[in-house]
Amino acid sequence: MESRGLHGCNETVLSKGECVVVDLNHLFLEDEVYQDPDLYHIFRTSNSYYYEMLYQEHLKYASSKVVKEKIIKH
């Protein structure tokens, strides 16, 4: 199990429909990608970059929406 990136005993049973990562071969930590020029180039030229930018925009919008709702309620 450790060769698959699973450490320790995990007895949590997920509900039907929850996402599970079954292979860690092509997953990298954010710091690894930004520190390695080759990984960064692959990231920037992949669909992953596009979806990461969409996600970051969503986070900005969601946080500003929450701030606006708080101002209106007070």
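By convention here, the first residue in the shown sequence is residue 1.
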In one Ile/Leu/Val/Met/Phe/Trp/Tyr side-chain cluster, 4.5 Å: Tyr49, Leu39: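 Yes, because Tyr49 and Leu39 connect within a single hydrophobic cluster, where side-chain heavy atoms sit under 4.5 Å apart.
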same_hphob_cluster(Leu54, Phe43) at 4.5 Å side-chain heavy-atom cutoff: no
How long is the gap from [atom1] on [X] to [atom2] on [Y], to the nearest 0.5 Å?
X	Y	atom1	atom2	answer
Met53	Arg44	CE	CZ	7.5 Å
Ser46	Tyr51	OG	OH	10.5 Å
Gln56	His58	CD	NE2	10.5 Å

Validation row: Asp36, Glu32 side chains within 4.5 angstrom (heavy atoms):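 A side-chain contact under 4.5 Å is absent here.
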CD/Glu30: more than 12 non-hydrogen atoms of other groups inside 6.0 Å: no
